[in-house]
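Every number for a ligand or one of its atoms is a count from 1 in the order of the listing. Index from 1, following the sequence.
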Amino acid sequence: MAVVFIRHLPQYIGDRVTIEGWLHLKRSSGKIQFLQIRDGSGFVQGVMVKGEVDPEVFEAVEHLTQESSIRVVGEVKKDDRAPSGVELTLTQVVLIHPAHDYPITHKEHGVDFLLDHRHLWIRAPKQRAIIKIRAEIIKAIRAFLDSHDFTQVDPPILTPSSCEGTTNLFHTKYFDQDAYLTQSGQLYMEAAAMALGRVYSFGPTFRAEKSKTRRHLIEFWMIEPEMAFATHEDNLAVQEQLLEHVVAHVLAHCQVELATLKRDPARLVPVQAPFPRITYDEAIRLLQKDGHDIKWGDDFGAPHETVLADKFDRPVFVEKYPTAIKAFYMKPDPERPEVALCADLLAPEGYGEIIGGSARIDDPDLLMKRFEEHLLSKEDYAWYLDLREYGSVPHAGFGLGLERTVAWICGLEHVRETIPFPRLLYRLYP
Ligand code: 4AD
Ligand code: MG
């Protein structure tokens, strides 16, 4: 008898099937045992009635413990009340390996305890749902970019210099040279855009940020599209269309997972392009009107971003920040050089900045001037400066933080649950 994945059970109603998985939960009324079985693809309830099966099998099931691995045989019954739509009438249960005193019980546990047991915690329905949605979000991002003329290009992880400032670099030795874990693949993507036109990277990035907030990870994954000949306007259009596509994909394919997370899909339905746009100037005025102590030239903190984003039902672009508080490579607005042709995309419900992007300086002289102002080494970045020497073109790109996007779409309290094994300020285990 072929082994069937739980997810496919609705196609086998009336059949006898084998399932291989783990015992998630067991209830018993003495005469009837209810087994919640999970196999990774889903959860199903198996029912075993005393007197209808071999007494030895019934007796063995009474001693089965949570998370023991099992192989079961049963008949698939339609059950409209069950989330999976089916139930199994069990005739056989074989123990593969027992689990003794599984530490994560069905009671409440503290976050530190759960993070110490993250290798087991990911088996929980909620964690499984998040990992599943994360995978679907990645799939949707790739599908969108691949079908819009982008080519994936992989930047290096070990780099000789920084991209986003030197304060939070992870240092390591590269034989007898110094090296840093990448903060962003952007500068390499700019080189790739000059070779392939529209490119994107998708990989891990690292920031030794001493931030212990619900939005910060030390290791996080970024999607970084870069487009030759693209303007600031083109850049924002790609971002809003990309996110519209991602959210629609999740709504179409992850209803079971959203329900497991108790995430109200109605909160995601309005996420359609075009997204609202406000300028940094307007944002400052809005915050001042709301009584915040902030002036032109200040950067936003998390509370500011939350206040701004809460005014909208979908993500909002805040564009044209002061050049002085943004990265060296951002192109100034030709009409107002004190602001940059950049935008941060803020997610609603307090999730903050999920995308940072800009048009890049394409003029070699201006870039050289910025290098001097920012005290950047022309030798370290000689290859990057070359890009402006040999057929420089206007170009733009952005970085989408995967974990913050997953946190927002899933409606999670903290980014730590959006990645299977989070690297946090005080956590490198497991
Ligand atoms: O705004 P950031 O720093 O932009 C860049 O790195 C650009 N070089 C990207 C580009 O234009 N190619 O980071 C981009 C995004 C942020 O909007 C945020 O979503 C995420 O990366 N991010 C983090 N996510 C989790 N933990 C952290 N510590 C993060 N830092 C940034
Ligand atoms: Mg940013």
Side-chain angles (χ1 to χ4, degrees), residues 134 137 141 145 150 153 155 159 161-170 180-193 198-227 230 232 235-236 238-239 242-243 246 280 299-302 304-305 309 315-319 321-322 325-331 340-347 351-361 384 395-409 412 414-419 422-425 427:
R134 178 185 168 108
I137 289 173
I141 290 170
L145 294 172
F150 286 84
V153 176
T159 59
S161 45
S162 85
C163 174
E164 292 295 318
T166 50
T167 45
N168 54 31
L169 282 173
F170 263 108
Y180 308 94
L181 297 184
T182 183
Q183 296 168 304
S184 157
Q186 180 196 319
L187 305 186
Y188 296 97
M189 287 303 106
E190 289 184 56
R198 281 184 157 203
V199 295
Y200 71 97
S201 63
F202 171 50
T205 50
F206 307 85
R207 302 209 184 162
E209 276 177 295
K210 293 264 156 64
S211 307
K212 201 173 175 224
T213 76
R214 52 180 288 228
R215 301 169 178 186
H216 284 90
L217 290 164
I218 303 300
E219 178 180 304
F220 63 98
W221 288 62
M222 238 204 286
I223 291 87
E224 297 189 83
E226 194 69 35
M227 297 166 275
H232 172 62
N235 203 18
L236 302 199
V238 170
Q239 293 172 41
L242 170 65
L243 276 180
V246 167
Y280 170 89
D299 207 352
F300 300 135
H304 301 128
E305 289 184 352
V316 55
F317 286 112
V318 180
E319 53 176 349
Y321 285 70
I325 58 169
K326 287 292 186 185
F328 75 91
Y329 50 72
M330 290 190 180
K331 184 171 181 156
L341 292 176
C342 67
D344 283 357
L345 185 66
L346 310 183
Y351 288 97
E353 181 198 329
I354 53 174
I355 294 183
S358 75
R360 321 303 191 187
I361 294 175
Y384 183 70
H395 62 291
F398 62 94
L400 168 79
L402 179 63
E403 287 75 17
R404 289 192 192 168
T405 304
V406 174
W408 159 56
I409 290 178
L412 305 177
H414 198 295
V415 285
R416 65 185 162 224
E417 289 181 44
T418 62
I419 185 161
R423 304 288 89 140
L424 300 162
L425 187 51
R427 178 170 292 281

Legend entry - the Mg ion (ligand 2) contact by Glu353, N, O or S atom under 2.8 Å: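 Yes - counting backbone and side chain alike, Glu353 has an N, O or S atom under 2.8 Å.
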
One residue to check: [X]. Relative to ligand 1, which of side chain, backbone, both or neither has a non-hydrogen atom less than 4.0 Å away?
X      : value
Phe206 : neither
Arg215 : backbone
Glu353 : both
Phe220 : side chain
Ile355 : backbone

[atom] - nearest protein heavy atom and its distance:
atom                    : result
atom 12 (N) of ligand 1 : Glu224 OE1, 2.6 Å
atom 26 (N) of ligand 1 : Leu217 N, 2.9 Å
atom 15 (C) of ligand 1 : Gly399 O, 3.6 Å
atom 19 (O) of ligand 1 : Ile354 O, 3.0 Å
atom 18 (C) of ligand 1 : Arg404 NH1, 3.6 Å

Give a yes or no on whether the backbone of [Y] and the side-chain of [X] come within a donor-acceptor separation of less than 3.5 Å.
X      : Y      : value
Glu224 : Gly185 : yes
Thr205 : Phe220 : yes
Asn235 : Gly397 : yes

Legend entry - NZ/NE/NH1/NH2 to OD/OE distance under 4.0 Å, Glu219 and Arg207: no

Inset, instruction - Considering only NZ, NE, NH1 and NH2 on the basic side and carboxylate oxygens on the acidic side, decide whether Glu209 and Arg215 come within less than 4.0 Å. - result: no

Legend entry - Pairwise side-chain contact, Phe398 with Val238, heavy-atom cut-off 4.5 Å (strictly under): yes

Inset, instruction - Would you mind reporting whether Val153 and Ser201 have side-chain heavy atoms less than 4.5 Å apart? - result: no

Has [X] got any heavy atom lying under 4.0 angstrom from an atom of ligand 1?
X      : result
Tyr188 : no
Val415 : no
Glu403 : no
Met189 : no
Arg360 : yes

Inset, instruction - Answer with yes or no after comparing the ring centroid distance for Tyr180 and Phe206 against a 6.0 Å cut-off, counting only values under it. - result: no

Legend entry - Option set Met330, Glu219, Glu209, criterion heavy-atom distance to atom 28 (N) of ligand 1, minimum: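 Considering heavy atoms of Met330, Glu219, Glu209, the nearest to atom 28 (N) of ligand 1 sits in Glu209.
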
Inset, instruction - Just go through Arg207, Gln183, Glu164 and tell me whose heavy atom is the nearest to atom 13 (O) of ligand 1. - result: Arg207

Inset, instruction - Just say parallel, tilted or perpendicular for the rings of Tyr384 and Phe328, cut-offs at 30° and 60°. - result: perpendicular

Inset, instruction - If the plane angle is over 60° it's perpendicular, under 30° parallel, otherwise tilted; pick one for Phe202 and Trp221. - result: tilted

Inset, instruction - Please confirm whether Met222 comes within less than 3.5 Å of ligand 1 when only nitrogen or oxygen atoms on both sides are compared. - result: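 Min N/O separation from ligand 1 is not below 3.5 Å for Met222.
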
Inset, instruction - Verify the distance criterion only: is there a donor paired with an acceptor across the side chains of Glu164 and Tyr329 at less than 3.5 Å? - result: yes

Legend entry - From CD1 (Ile141) to CG (Leu400), nearest 0.5 Å: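 The CD1 atom of Ile141 sits 5.0 Å away from the CG atom of Leu400.
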
